[in-house]
Amino acid sequence: MSFLNAEGLTKQFNGLRAVDDVTLEVPKGQVRALIGPNGAGKTTLVGLLSGRLACSSGRISFDERDVTSLPAHKRIASGMAYTFQITSIFPSLSVHENVALGARRVFSDPKEAEERVVAALHRVSLLERAHEDAGDLSYGHQRLLEIAMGLAQAPKLLILDEPTQGLADGEVVAFNKLINDLRGHTTVLLIEHNMNVVMEVADFITVLNFGKVLFEGTPEQVQASSAVQSAYLGGADAEA
Amino acid sequence: MTADLRKIIGLHGAVLVILFAAQFFLPAYHHGNLARIMVLATYAMGYNLLFGYTGLLSLGHALFFAAGLYGMGLGMTQFGLGAGAAVVLGVVAGAGIGALIGALALRTEGVAFMIVTLMFAQAGYLIILYFGSYTRGDEGFVIQQADRLVAGLDLSDPTVRYFAALSIFYAAFVVLMWVLRSRFGHVLIAIRENEERAMMLGYDVQRYKWGAVVLSAGVSALAGAAYGVLFGYVGASFASVQYSIFPLLWVLLGGAGTMLGPLVGTIFMFYLIDLSSGVTTAYMLIAGIVLVCLTLFAPQGLMGELRNRFWRWLP
Ligand SMILES: Nc1ncnc2c1ncn2[C@@H]1O[C@H](COP(=O)(O)OP(=O)(O)OP(=O)(O)O)[C@@H](O)[C@H]1O
Ligand SMILES: [Mg+2]
């Protein structure tokens, strides 16, 4: 069994099947990209995996445990970290405290927790701004703060929902490096619209369309696939 | 950070010292008032933990205050407990009822939570009236001076009473300050700021909220029990809606989510009513106008505005 395993996952919103019978297997240590046009069901799918949303049917196992019936906080506590597509931070708390809330749950020793906070903030280059209110950061920096909140939990699985949205070019380069550093010890599930990022960091790609898995393969295979070209890249071009 | 910590300790330490010293120069009338205010401010601090720090608006805290009051009073009249043991019984009763009500009411959120807590408190009020043969209903009962002794000290004596009220206030203040600086307290504040985010950081939000309700109820009950034993009266009016609204007002006026807000708000409201009732019989009108002005010009409460404008470090 893979590290993260989803079988026949379905999420029904009234009339709409946002996620439709998705089966997903992510081995340990892999950087897996999840791509697809707007509304394909990517955010909904990671919502099901993290427990933020309850699935209509299907099973999920994580780290050799069936987590289907676990509430979100227990799944997170079992080693997942989740970052939101729509930035969700604690705006009136300091940048430092935002990250510390992530670290303190995992590391009960205050000294170790503090080291994790500093390391995570350093990795996203926000250490100098640690004592500002998180709400005063620019949008792009709030995205980086979300990543730091995830990193500080030293998760086994890091779920990132469009982390590079709103980042400057230099910050995207730094983000790619960060993911490359995580490769091997942290499993990453990355939803990403920026194809340059996907091609640079993903080991393996799952393409979602209308709630279903359209294609799976290496970056090269995805680029070569005509089905993906027409469904996704065509759609993305048309939108741009 | 350490500079902030020094300021925090300096300011709050100064307030605690002033409260201690005040008894030596205040005239008897204000001396008695301040003892009363410190007990009521303890109630407000308990309320503030839930409302100001966790972000849960309860309209039923009179139930917890009354649980302490009656737990203490009935402990004396029915079980013959001494004053100390009776106060402990009151606190245990309040925290226990808090645990039960918390488990039930936290299934709801927002306005529903307000209504459910209000209904439970009303039920508590009616139960007190229903068991009138023990509680003496609306009329209530007096705690005899002979029963108001702790370690040989007479709690009806103004100086002893002041010290007792001060000790209760100190104890609650220090415990709550410690809680808020602990991991638990930080999570409560995180829940207030962004509940979904706290959950998605792996915190069992429901359990933390429940813990906050129990602690808040326990502190409120401590205030209720102390009020009864220090001022010698136990009555159903303390379980009425009015006593659920008071701590909300005190905390809003003083500054929700600040450590000193409950004390400041209680003093302010107490003297607002006291002074305006000396001037006119329409004193509630004056009080009302001042309250409206405050909510217009200092929506964060007095300490909240101070924090926004000058003292960013205020906890
Ligand atoms: N809570 C909800 N209630 C009803 N419909 C929803 C809800 N959340 C998402 N949907 C719908 O489900 C579909 C999938 O949405 P989702 O957010 O998962 O897409 P996505 O692939 O993340 O898109 P994007 O790239 O724009 O972020 C969309 O049609 C969306 O409108
Ligand atoms: Mg999305």
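Order of the sequence lines fixes the chain letters, A, B, ..., with proteins taken first and strands second; residue numbering starts at 1 for each chain. We use all heavy atoms of the structure for the numbers below, so side chains are in, but hydrogens, waters and symmetry mates are not.
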(message) Checking side-chain polar atoms at under 3.5 Å, does B:Ser216 have a donor or acceptor matched by the opposite partner on B:His61?
(response) yes

(request) Return the minimal non-hydrogen interatomic distance between A:Lys42 and A:Glu162, and the atom names on each side. (result) CE-OE2, 4.4 Å

(request) With a 4.5 angstrom heavy-atom cut-off, could you sort out which part of B:Arg312 is near chain A: side chain, backbone, both or neither? (result) side chain

(message) Under a 4.5 Å cutoff for heavy-atom pairs, which residue among B:Met199, B:Arg183, B:Arg197, B:Met200 has the most contacts with chain A?
(response) B:Arg197

(message) I need the residue from A:Gly102, A:Ser92, A:Pro71, A:Ala77 with the largest number of non-hydrogen atom pairs under 4.5 Å to chain B.
(response) A:Ser92

(message) Take a 6.0 Å sphere around CH2 of B:Trp313 and say whether it holds more than 12 heavy atoms from other residues, nucleotides or ligands.
(response) yes

(request) Say whether A:His73 and B:Gln206, considering side chains only, have a donor N or O and an acceptor N or O under 3.5 Å apart. (result) no

(message) Out of A:Met80, A:Arg52, A:Lys74, return the one with the most heavy atom pairs under 4.5 angstrom to chain B.
(response) A:Arg52

